[in-house]
Structures are given as structure tokens and as C-alpha cells.
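The structure appears right after this line, and notes come after that.
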Amino acid sequence: MLKIRNGIFFCGLMLILLLISIWAISIGTVQLNLIDIQKALMYIFNPNFSLTESGHGIENDIIWLIRIPRILLVILAGAGLAISGVVMQAIVQNPLADPYILGVSSGASLGATIAIFFNVGIYWGSNFVGIMAFLGALMISALVLFVANLGGRTNSMKLLLSGISLSAVCSAFSSFIVYFADDKDGIKTVIYWMMGSFADTRWENLYVVAPVVIILIVFFYTQSKILNLMLLGDETAITLGTDLAKYRYVFLLGSALLVAMVVFSAGMIGFVGLIVPHIVRMLIGTEHRILLPFCAITGAIFLLIADSLCRTLLPATEIPIGILISLIGAPCFVYLMIKKTYGFGGN
């Protein structure tokens, strides 16, 4: 009965995601009706149709060149951040952990700041800021692992402390560069990038992000048993014949790679990896074989709704998605922290 109930629940979430996706296609500066959307979607069967070239009509170009790639990237980003949150919470054994807690966000910010003010990596083309942020996120993750291994075997507490310390160092360097920079346009670019946005999404972004995110989500799903063991702790896992240390390294880098791909494509987007896993865990429990797919689909729905609201709340203006997510996520985080600390609001 439980499998049937979960199966129905998951199919219901998939249907919700489909309906929200259709709604997201229809809204924007140019309003589209269902007939326009249906005609545009049928265009895919035209042998001369190209996803990346214009000239198929205004409605078709809006749908295929702007809205559909954006929606697909939002779905992938939401799923990736939610899965990263689940993995990070298992690694540090804390349901209040966030994918950015080990310094990934600060490393990405430093990489982007260096790219914007010093033109480092400009030969990579228009995406050089995202690429530098991606490299910064991965480098800080590797450095966190290195520092956590100094002086003996790593554990969740050493990872957490290493992440917090290195995050502070990266933030200090970023602030130092911005403070002494005499470039108002660069400062605006850094601020806007740190707020997060999917406004410039193109199919080229998806070709890079989609394979990595999908492969990592599938990989983490195959590691459900190990993630369950991580919740029990190292001592219990060792008594069961499993050494979690090597898995912790791989999972941390995999989780950082998920976040780095989102950072590369859309900038900084916080709280998704905190809120979604916690809510889903309260509804279906802590079994990762079930938790992971539910978090992926719920994260996609959550971020797609948020992105759609960013495009429509203010006329002729798009709100950076990081602002809206923070307005939702910060109060939720405070509530969850109080509930965990003092036991308010039930179990």
C-alpha cells in the first residue's frame, strides 16, 4: 500500500510539474494561449525545424528560443539544488544543512568577482563569468576536503568547520576586490550575478548543464543505502562493515558539482536545498531511495513557480530569483532552526 501511495503521489507531482510548465510557457511580456503553445510544440516534428535558429514565427521563436530552454534549465536547477541539499544534510548529519554550507557559494562568488573585475577567463567567451564561478566552487570544495583531512581522519564536524572558515576567507577576498575596484558597472554586475537569474538562458546552457545534473542525480539515487548509513554516523556504519570516509569525499564533490553547474548557468540561488528536502522529509520520511526522487521533482516545481513569479509580479520588470527565494527561505530557515532547537511546532 505504501508503494502504491508513493507512486500515486509521485505521478501527481509530475502532473503538477507539467501543468506549471505549460503555464510558465504562456505567461510573460507576450501572453500566449493554449492554441499558440500547441502549434509551437507540434513544430518539433517539422524536419526543417532547428531549436537554436529563429525565423519560425514570433510565437514559435518566443516559445522555443526563450521560454522552453529557460523552463528546462529551471527544472534541472531546482532538482539539482534539492538533491544536493539532501546529500549535504546526510554528509553533515544535520537537516538544517544547505548545499552552500561548505563554502561553495563563497568560492563561486570569488571566482565570478575575479572574472568580472580582472577579465580572467574572458577568452572562454560570453559565459566566462559563469565558468570562473564554476571553477571557484569546485576549487573551494576540494580545498575544504584537504583542510578537513589535516591532522587526522575527516568527519562531518571537521568538514563543517573547514567550510565555514574557508567561506569567510573567500568572502573577505571578494569584498576586498569590490571595495577597491573603481568600476561601477562591474560592481552592478557582481551584485546582479549574486542575486541569481535565468533571464539569459539559451539551449547552449542546457547542452552543458543537463548531462551533468542528470548523471549526478542518477548516481546519488544508486547510493541511497550509503546515504542512509551516513544518517546513522561513522561508528554505526563501521560496525556494519562500511567505511564512510571515501564515500563522503565523492559525495561532497558530486554535490558541489551540482551546485557549481547551477551557479554556472544562473548565479547564486540559495535555500532551495534547505527548504525542499526538509519539507519532503516531513511528508515521506528519511529513506533516501524514496526521498531523492521526490525531492528532485519537488525542487523543480518550487523553483519553476518562483521563476514564473519573478517574471510576472512586476510589469515589464524581472525580479532576480535569488531575492524572491531568500524572502521565502529566510523565514522558513528561522522557523526550522527554532523548531529543531526548542521543539516548537511538534515533531
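Predicted model only: the values in this text are computed from it and were never measured. Every heavy atom of this structure was used, including side-chain atoms; hydrogens, water molecules and symmetry mates were not.
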First locate atom [atom1] of [X], then atom [atom2] of [Y], and finally report the distance between them rounded to the nearest 0.5 Å.
X	Y	atom1	atom2	result
Leu291	Tyr221	CG	OH	11.5 Å
Phe302	Ile275	CZ	CD1	4.5 Å
Thr189	Asp183	OG1	CG	7.5 Å
Leu138	Met261	CG	CE	9.0 Å
Ile325	Met195	CD1	CE	14.5 Å
Ser26	Ile63	OG	CD1	9.5 Å

**OP:** Go through the steps for Ile140 and Cys170 under the test side-chain contact (heavy atoms from CB on, under 4.5 Å), then give the verdict.
**Re:** CA-CA 9 Å; Ile140 194 66; Cys170 289; 3.4 Å; yes
Quick one: are [X] and [Y] in side-chain contact, heavy atoms under 4.5 Å?
X	Y	answer
Val178	Ser175	no
Leu34	Ile22	yes
Val218	Ile215	no
Gln38	Leu41	no
Arg281	Gln89	yes
Leu227	Phe251	yes
Leu17	Leu13	no
Ile226	His288	no

Original post:
Can Leu166 and Phe146 be said to form a side-chain contact (heavy atoms from CB on, under 4.5 Å), step by step?
Top reply: CA-CA 11 Å; Leu166 291 173; Phe146 174 76; over 6 Å; no
Original post:
Mind checking whether Phe10 and Phe294 have ring centres under 6.0 Å apart?
Top reply: yes
Original post:
Taking everything shown except Asn119 itself, do over 12 heavy atoms lie less than 6.0 Å from its CG?
Top reply: yes
Original post:
Does a sphere of radius 6.0 Å around CD1 in Ile35 hold more than 12 heavy atoms from other residues, nucleotides or ligands, not counting ones at 6.0 Å or beyond?
Top reply: no
Subject >> By side chain to side chain contact (heavy atoms under 4.5 Å, CB included) - contacts of Ile8 (at least two apart) >> reply: Ile4
Original post:
In a check of side chain to side chain contact (heavy atoms under 4.5 Å, CB included) between Val120 and each of Phe118, Trp124, Phe117, Tyr123, which one passes?
Top reply: Phe118
Original post:
Are any side-chain N or O atoms of Thr201 and backbone N or O atoms of Phe198, one a donor and one an acceptor, separated by less than 3.5 Å?
Top reply: yes
Original post:
Any chance the side chains of Ser106 and Ser171 put a donor and an acceptor closer than 3.5 Å?
Top reply: yes
Solution key, residues 67-81 side-chain donor-acceptor pairs under 3.5 Å, sequence neighbours excluded:
unit_1 : atom_1 : unit_2 : atom_2 : d
Arg67  : NE     : Ile27  : O      : 3.4
Arg67  : NH1    : Ile25  : O      : 2.6
Arg67  : NH1    : Ile27  : O      : 3.0
Arg67  : NH1    : Val30  : O      : 3.1
Arg67  : NH2    : Ile27  : O      : 3.3
Arg67  : NH2    : Val30  : O      : 2.6
Arg70  : NE     : Asp307 : OD1    : 3.4
Arg70  : NE     : Asp307 : OD2    : 3.0
Arg70  : NH1    : Glu318 : OE1    : 3.2
Arg70  : NH1    : Glu318 : OE2    : 3.4
Arg70  : NH2    : Asp307 : OD1    : 2.8
Arg70  : NH2    : Glu318 : OE2    : 2.6

**OP:** Could you check Val209 against Phe264 for side-chain contact (heavy atoms from CB on, under 4.5 Å), going step by step and ending with a plain yes or no?
**Re:** CA-CA 9 Å; Val209 175; Phe264 159 76; 4.0 Å; yes
